[in-house]
Each structure stands twice: as C-alpha cells, then as structure tokens.
Amino acid sequence: MSHKFKNKVAVITGSSRGIGKAIAVELAKEGAKIVLNGRNQQRLDEAREEILKHTENVIDVCCDVSDIDAGKMLIEKAIEAFGQLDILVNNVGVSMRGNVAELKPEVFQSVFSSNLYGTVNPTIPAIPELRKTKGSIVFISSLAGIRGLPGLSAYCSSKMALRAVAESIRIEEHKHKIHVGLIYVGITEIEHNKETIAADGSMKILKDRQKGKVDSTEKVAKTVLKNISKRKFITTLTRIGKVNKYLQPRMPMLVEKIILKNLHKFEEKSQ
Ligand SMILES: NC(=O)c1ccc[n+]([C@@H]2O[C@H](COP(=O)([O-])OP(=O)(O)OC[C@H]3O[C@@H](n4cnc5c(N)ncnc54)[C@H](OP(=O)(O)O)[C@@H]3O)[C@@H](O)[C@H]2O)c1
C-alpha cells in the first residue's frame with residue numbers, strides 16, 4: 001500500500017461492474033473510502049461485497065447519473081457518509097454501433113445522456129467539495145475519443161466532448177488546484193452480457209472478448225490510480241492508442257487512409 005490514497009474519499013460512477021468496479025477495488029486496496037454507483041441494486045450489492053474484502057468504508061448509491069438530481073444526490077451522499085470528497089472518477093459510459101445513415105436520432109440522445117450529461121451531472125456539485133481537498137476529477141474516455149471512427153459516431157463524439165470539458169475545468173480550477181485527468185482507454189475485457197446500443201435504439205449484447213488479447217480491467221484501474229497520484233492530465237493506454245494519439249493531430253489523412261484500408265476489421269469488431 002502506497003498510503004497516497006489512505007482515507008481519501010472516492011466516488012466512482014458506474015462502479016457496480018467492469019472498469020469502474022476494478023477502479024473501486026484498487027482504490028479500496030490502497031485504503032480509500034469508496035462510494036459505489038450504478039442503476040441496479042443487486043449488482044451494487046455484489047460489488048459492495050467485493051469492496052468489503054478490502055475496507056469497511058464503502059457505501060453504494062443506486063441512481064442514474066444521467067439525471068441532474070441524481071448526480072447531485074450522489075455527491076451529497078458521499079459527503080454525508082464520509083465528510084469530504086477527494087476523488088471523482090467519471091466512469092459511466094455506454095457504447096453504440098451503426099453508421100450515421102442508419103442511426104435513429106435517439107441513439108445520439110441516449111449516448112450523450114449517459115456519456116456527457118452522466119459526467120457533468122456529478123462533476124458540477126463535486127467541484128466545491130474538491131476545491132476544499134485539492135482533489136481529482138478523472139474522466140474515463142476511450143481511444144474512440146481521439147478521432148471519429150466508423151460505426152461509432154455518437155460514442156466518439158461523446159467521448160471527444162469529455163476532452164473539452166476536462167480542458168475547461170483544468171483552466172477554471174487551476175487556482176483551486178483541482179487535478180483533472182483524462183484517460184484514453186483501449187479495448188478492454190468486458191463483463192459477460194455487456195450491452196451496446198444498436199442503430200435502431202435497441203440494446204444488443206456484445207461478443208465476449210478473449211482474455212490476454214485485450215487490456216484487463218485491473219490494468220486499466222492501476223493506470224487510473226497512477227494518473228491520480230501523479231496528477232497527470234492525459235494518460236493513453238495501449239500501443240495502438242499511443243500511435244494514434246501521436247499521428248492523428250500531425251497526419252490525420254494518413255490515419256484516415258489506414259482506417260479505410262482496415263475497414264473490414266472495424267466492421268468485424270462492430271458485431
Ligand atoms: N470496455 C472497454 O473496452 C472500454 C474501452 C474504452 C473505454 N471504455 C469506457 O470505460 C467505461 C466503463 O466501461 P465498461 O466496459 O466497464 O462498462 P460496463 O461494464 O458496461 O459498466 C458500466 C457501469 O456503469 C453503470 N452505469 C451505466 N450507465 C449508468 C448510469 N446512467 N448511471 C449510473 N450507472 C450507470 C453500470 O451499471 P448498471 O447498468 O447496473 O447501471 C456499470 O456498473 C465507459 O466510460 C466506457 O466508455 C471502455
């Protein structure tokens with residue numbers, strides 16, 4: 001244990017499973033006090049059991065952060081339980097599949113509702129609390145937030161929007177010494193039966209991913225903790241992510257050519 005996170009109070013949105021739960025587990029192992037969040041109480045109960053193996057300082061708040069009042073309530077419950085807030089990890093996010101021409105416009109609304117509004121709703125009430133502790137706000141983005149990718153327009157644009165929000169807050173809160181981190185996550189293992197939004201707005205189950213071929217949730221979580229403890233701005237996971245982050249601003253047309261040449265791979269991954 002590094003003691004950097006000892007007794008720090010961390011709210012992690014969307015932490016009943018997947019990457020959010022892994023971040024909560026890693027923070028709990030480091031002695032942090034944990035506020036779990038998700039919309040399904042049963043999943044939250046299961047996650048809470050896991051956190052209890054590492055700390056008794058854990059609460060769960062069952063709410064949908066795409067709702068303005070729920071975002072506020074989540075932060076209030078954290079303060080009520082633990083008296084302060086040191087870390088907010090905005091992890092909630094939903095993906096989608098489908099080319100723009102085939103998308104129901106509601107797909108954009110659902111994705112932005114979770115990925116952008118589900119981020120700003122807890123962030124706004126968290127800022128006054130984070131000023132007191134000179135704490136951290138972390139945004140969980142995706143390599144899909146570096147450039148627009150085929151079949152992922154709503155997801156890419158919602159994740160790109162997080163960068164603008166993060167950049168604004170960094171400057172606005174510079175004098176209050178709030179740390180803002182932005183994590184570009186690569187393809188990562190997913191829970192069995194993870195859902196995505198299909199072009200017609202229905203929910204579709206994603207194919208399971210082969211362990212070892214993608215990042216583990218534990219690796220992503222450890223990277224998030226490193227970003228927070230070093231108070232870094234941008235952290236990019238995976239080799240392809242680092243190459244893309246370098247090439248995209250310098251040679252966007254080359255990146256487009258590479259994507260066009262590999263379009264079949266994107267289409268396969270979209271299944
Ligand atoms: N997995 C990847 O390959 C990958 C790659 C790049 C980036 N990311 C990003 O990493 C983050 C986590 O991804 P993941 O794969 O771990 O997702 P996941 O397995 O689907 O988990 C999402 C978590 O968020 C909760 N949740 C969803 N919508 C919510 C809402 N509106 N309010 C409150 N809780 C909500 C879910 O629980 P309930 O459904 O019970 O509410 C669950 O706990 C997302 O932002 C995603 O975009 C993931």
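By convention here, the first residue in the shown sequence is residue 1. Since this is a predicted model, take the numbers as computed values, not measurements. Whatever order the structure lists ligands and atoms in, that order sets their numbers, starting from 1.
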Side-chain donor-acceptor pairs of residues 186-195 under 3.5 Å, sequence neighbours excluded:
| unit_1 | atom_1 | unit_2 | atom_2 | d |
| --- | --- | --- | --- | --- |
| T188 | OG1 | G186 | O | 2.7 |
| E189 | OE2 | T217 | N | 3.1 |
| E189 | OE2 | T217 | OG1 | 3.3 |
| E191 | OE2 | G18 | N | 2.9 |
| H192 | ND1 | D208 | OD1 | 3.1 |
| H192 | ND1 | D208 | OD2 | 3.0 |

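Contacts of ligand 1 (protein heavy-atom distance under 4.0 Å) are G14, S15, S16, R17, G18, I19, N37, G38, R39, N40, R43, C63, D64, V65, N91, V92, G93, I140, S141, S142, Y155, K159, V185, G186, I187, T188, I190, K194, R209.
Sorted by first and then second residue, the pairs that involve residues 70-81 and meet side-chain hydrogen bond (donor to acceptor under 3.5 Å, both in side chains), not counting sequence neighbours, are K72-E76. Judged as a side-chain hydrogen bond (donor to acceptor under 3.5 Å, both in side chains), the pairs with a partner in residues 136-153 (not counting sequence neighbours) are, in order, S136-H179, R147-Q248.
In summary, R43 and E46 do not engage in a salt bridge, as defined by a charged side-chain N under 4.0 Å from a carboxylate O. Using a cutoff of 4.0 Å between basic side-chain nitrogens and carboxylate oxygens, R48 and D60 are scored as salt-bridged.
Shortest non-hydrogen contact noted between P125 and P128 is O-CD, 3.3 Å.
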